[in-house]
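Each residue takes its place number in the sequence, starting with 1. We count ligands from 1, going down the list as the structure has it; atoms in each ligand are counted the same way.
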Amino acid sequence: MEEFKASDNNKVNMFVCGSTVYDDAHLGHAKTYIDFDAIARWLRHLGYALTYVQNITDVDDKIIARARESGEDPFELARRYEQRLLEDLEVIRARDSVDKFPRSHDYMESIEMQIQLLAEKGYAYVANGNVYYDVDRFKDYARLSGMKIEELKRHRIEADEEKRHTYDFALWKAAKAGEPSWTINLVYNGKREKLSGRPGWHIEDTAITYALFGKQYDIHGGAIELLFPHHSNEIAQAEAAFGVRPYVRYWLHSGVLNIRGEKMSKSLNNFITVREALKKHSAEAIRLMVLSTHYRKEIEYSEGLMHEAEKKLAYLYSSLGVFYNARESGAKKNDVHEAADAFEKEFCDAMNRDFDTPLAIGRLVAFVARLRKIAEEGDVDQEGKRYAVEKVLGLAKVIGMLGEDTYKRKVPDDALRLISEREAFRNAGNFRDADRIRLALSERYGIAVEDADYGTVWYYKSA
Ligand SMILES: [Zn+2]
């Protein structure tokens, strides 16, 4: 844990590795984007003037391969999936926090300039129309990943006859027939060369961030599997080209989302797209599922996990509803007010500890449970009620939660009475009567009841 300091007063620049747009986003992508959305929202809540950039890779082998299969133009295919990605981000509420979605191929000048600088400084070499980065020239290559050159040699990297070392990586790939290409001018070994081709993957990010943020910026985010080689290569490019160290002041890596013990990915064909997930679950439930694990940690995804999130969400809405609809008394009391202030402090402390969303959500659930209990025990003073509801909704909003107004719906008093009767039977171990009431609630009011360690959960089945 390290104290965060913005480089320029209040200004924070953040770049997050975005998508290569050749297919629909899946829940693994959703985890990354929801994690960094919550981080962005929290930084803004703290008063930082944040600029959040997420790139779109629209020139890539995978896009070209997919376009070849379908007979579509690669740019049209990329544009179509970019549009679908932005729609998905909108639905899971992770789009508005992003200020700019730059496309890699709009930054060719910046890419050309960077390759030129690397060639001048002796970090780049030309072979057969390709340009490679000479990793041995960059002493600090393993700083971020902690790997040794010996390990890198063993790492799965495409071998290429013309490379000086297997771990060298492409800055520019020579044009191939039938593929989109651009031309850059490069002065190399005193000679001017015209190179037709397209950029390597790693240089897109440093070209975009140089153009938008300059030689150094505050936060670089992305999924953990990008740490090596992608982010290591970015550091090698930017620090060698611009001579500024460190290129990025804080690296934030999010843990992967697994399914049946394996990382959810296109290549393993074990993915659930965001669109498929949204047919069964609400966007808020997906967000709650993601944010109930710390962003750095892995999630082992299952339907059971989604069900837990749905349940917790139902609990938050219905319990807040009991409090919101509680009888009001004119007499002013301070207890609700003070509890709300204490909750705010606890929630903020959690978020300020490396964006600890699971802890913050735990405190939100506990506070809402407390509000419900207060309402069940008697009247609530009007002013305290308004204050507490505002705090709950205000802080939940910062992590993109509780955006619906279903808590306003009043549950009939008789139904509430049955719910607490059932709870009492259940606590006494009388499951027969508890089940009898469960059935009555379902038949009479369309209300479903479930149990969780934080309390009884109920929701309208139709809603
Ligand atoms: Zn990237």
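- Between the CZ atom of Arg95 and the CG atom of Asp88 there is a distance of 11.0 Å, given to the nearest 0.5 Å.
- At a threshold of 2.8 Å, the Zn ion (ligand 1) has no backbone or side-chain N, O or S atom of His231 nearer than that distance.
- Taking the Zn ion (ligand 1) as reference, the nearest N/O/S atom within Asp205 carries the name OD2.
- Atom NE2 of His220 is separated from atom CG of Leu144 by 9.5 Å, given to the nearest 0.5 angstrom.
- Checking Cys17 against the Zn ion (ligand 1), an N/O/S atom falls under the 2.8 Å cut-off.
- Cation-pi check for Arg164 over Tyr132 is not met; the charged atom does not lie both under 6.0 angstrom from the ring centroid and within 45 degrees of its normal.
- Side chain of Arg287 to backbone of Ala38: no donor-acceptor contact under 3.5 angstrom is found.
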